[in-house]
Engineer: 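Below: one structure in structure tokens.
Each chain gets a letter, A, B and so on, in the order the sequences are listed, and its residues count up from 1.
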2 protein chains.
Amino acid sequence: MTTSNLTRKKTSMKRRSLHEEISDHLRSMIIEGELPEGERIDESALCEQLEISRTPLREALKVLHSEGLVSIEPNRGARVAVLTPEEFAELFELIGGLERMAAELAASRATDSELKKLAQMQTRLESLYSAGDRHNYFELNQDIHRMIIAMSRNSTLTSLHEQLLMRASRGRYMAIGTEDRWEESVQEHQTLLDALQAKDSVKAGEIMLEHVRHTGDCAVNALKLRKAV
Amino acid sequence: MTTSNLTRKKTSMKRRSLHEEISDHLRSMIIEGELPEGERIDESALCEQLEISRTPLREALKVLHSEGLVSIEPNRGARVAVLTPEEFAELFELIGGLERMAAELAASRATDSELKKLAQMQTRLESLYSAGDRHNYFELNQDIHRMIIAMSRNSTLTSLHEQLLMRASRGRYMAIGTEDRWEESVQEHQTLLDALQAKDSVKAGEIMLEHVRHTGDCAVNALKLRKAV
DNA sequence: AGCCAGTATCAGGAATACATAATTATAGCG
DNA sequence: CGCTATAATTATGTATTCCTGATACTGGCT
């Protein structure tokens, strides 16, 4: 039997299941802070609010749980995962390692056009810094990091990084809480760019690791202070 | 054979939900190869086999999906995720980076008793190598790696590593497919131990990275060959 | 004979219904 | 008056049912 499936060609229609959409929705609700840390997640209430049934919601909660955004206690329901300073520090340590790896790989794998794009982003970053536009600076900063991760040409690494970033994102904005750290950060980005352009893997990795470590330490301290209140 | 060891006796009721047990069960089924790569997962059939209903099974599938062990196409069901050589290579690259990080941290954080324990394991590893006991060698090898990860004192890193190892485990055993690589591997473990005992973070990290990279390359090649058949 | 259309069948997705554990309220007792 | 035990209530966990989209089959057509 010749099963030549010519009609198998299926345009990647984004057929999103309900639980997928709910996952995304809840994920942003958590990240945006709409659902605060530790908040109890009342299934029935949320179902009513989102106008869905419990089945897909519960599936979504399982997904978010294994992403580390939600904690589930058997027979006691789900709540938005609380991030202790210790966990947050661990997370940043981990992210630092991943970004270092990415920077190393990026140094050896990046194309010229990618480097050029990165240079442009860096220029814009500096102007945003000069303008004191903290919000857009922060956004662009994240984009630059994401760009470097993507330049590693490792999609597994990329998606994992993205996921960890989400877990950490609730605290990450604190990183640029102080002006002096801000200036330092811009500097580090520049030297990192230099290393990448020079295709110096080791150096790029080192700079990135230090950069993230600094950022992380800042954020951890900010978080500890805030928790102490 | 068809006997389900998913007995849920009320007497031994742990706090584990059904979907959690199912997740674990399916996870081992996949890792053990009982459910081969690409195998379609028929929900009704599995439910009947495990004597449960579809609801918890589907929840478990969502979890396994976000762990990367199962792929889900909307309206087309779930199947055991297939690991292409490319993905496998990415995975190993990633694991390499994580283990390097762990080795670096371990070098600075390990206690003397941990180092002693590790040295004992190394001794045993060498004797297993001499005896040609491949199976136990492989087991101990994994334990050593896990031990070093644990010595990093970063539980987030540890659990992530464990998860990635699962995804890769179906191909990992191929790593020691050749004798010469085997001997090399034992050597690398020894020098790694030396570096850890000397608390030389950088060196420990480098050795670990190289070690995993070698192992990975071997495994990737083996996988490619096998896929080509 | 091969191909396409229409239909039948089936499996997965979502909603509802049911069971059970946890929490809270209440009543009885000390 | 307070404490404990037990009942009521609520929310979670699981099963069942319904619905919808996908695949397979059949029959008519070129």
Engineer: Whole-Å distance between D:dT12 P and A:R79 CZ?
Structural biologist: 10 Å

Engineer: Scan nucleotides 6-11 of chain C nucleotide by nucleotide, 5' to 3', and note B when protein non-hydrogen atoms come under 4.0 Å of the base, S if they reach only the sugar-phosphate, - if neither.
Structural biologist: -----S

Engineer: Give a yes or no answer on whether the side chain of B:R100 reaches the backbone of B:M208 with a donor-acceptor pair at less than 3.5 Å.
Structural biologist: no

Engineer: In Å, rounded to the nearest 0.5 Å, how long is the span from OG of A:S71 to CG of A:L64?
Structural biologist: 11.0 Å

Engineer: Taking only residues two or more places apart in sequence or in another chain, which ones pass salt bridge (Lys or Arg N to Asp or Glu O under 4.0 Å) with A:E210?
Structural biologist: A:R213

Engineer: Under a 3.5 Å threshold, yes or no: a donor from one side chain and an acceptor from the other, between B:S66 and A:E67?
Structural biologist: no

Engineer: Quickly work out the A:L18 CG to D:dT20 P distance and round it to whole Å.
Structural biologist: 14 Å

Engineer: Between the base of C:dT16 and the side chain of A:T55, is there a donor and acceptor pair under 3.5 angstrom?
Structural biologist: yes

Engineer: Under 3.5 Å, which N/O atoms of the protein pair with N/O atoms of nucleotides 17-19 of chain C?
Structural biologist:
none

Engineer: With a 4.0 Å limit, can you tell me whether B:S53 has a side-chain N or O closer than that to the phosphate oxygens OP1/OP2 of D:dA15?
Structural biologist: yes

Engineer: Could you please name the option among D:dT23, D:dA15, C:dA15 that lies closest to any side-chain atom of B:R76?
Structural biologist: D:dT23

Engineer: Out of curiosity, A:E99 CD to A:L94 CG, how far, rounded to the nearest 0.5 Å?
Structural biologist: 10.5 Å

Engineer: Residues of residues 56-69 of chain A with any non-hydrogen atom less than 4.0 angstrom from an atom of DNA chain D: list those, numerically ordered, please.
Structural biologist: A:R58

Engineer: Starting at atom NE2 of A:H19, determine the distance to atom P of C:dA14, rounded to an integer number of angstrom.
Structural biologist: 7 Å

Engineer: Within a reach of under 6.0 Å around CD of B:Q120, are more than 12 heavy atoms found that belong to other residues, nucleotides or ligands?
Structural biologist: yes

Engineer: Roughly how many Å is it from CG in B:N75 to P in D:dC19, rounded to a whole number?
Structural biologist: 17 Å

Engineer: Is it the case that more than 12 heavy atoms not belonging to B:R124 sit under 6.0 Å from its CZ atom?
Structural biologist: no

Engineer: Nearest-Å distance, CD1 (B:I22) to C1' (D:dG13)?
Structural biologist: 11 Å

Engineer: Mind checking what makes salt bridge (Lys or Arg N to Asp or Glu O under 4.0 Å) contact with A:D24, not counting sequence neighbours?
Structural biologist: A:R16, A:R27

Engineer: Determine yes or no for a side-chain-to-main-chain donor-acceptor pair under 3.5 angstrom, with A:T111 supplying the side chain and A:E114 the backbone.
Structural biologist: yes

Engineer: In this structure, how many angstroms lie between the P atom of C:dA21 and the CD1 atom of A:I72, rounded?
Structural biologist: 19 Å

Engineer: Who are the salt bridge (Lys or Arg N to Asp or Glu O under 4.0 Å) partners of B:E43, not counting sequence neighbours?
Structural biologist: B:R54, B:R58

Engineer: Before we go on, tell me: are the rings of B:H145 and B:H211 under 6.0 Å apart, centre to centre?
Structural biologist: yes

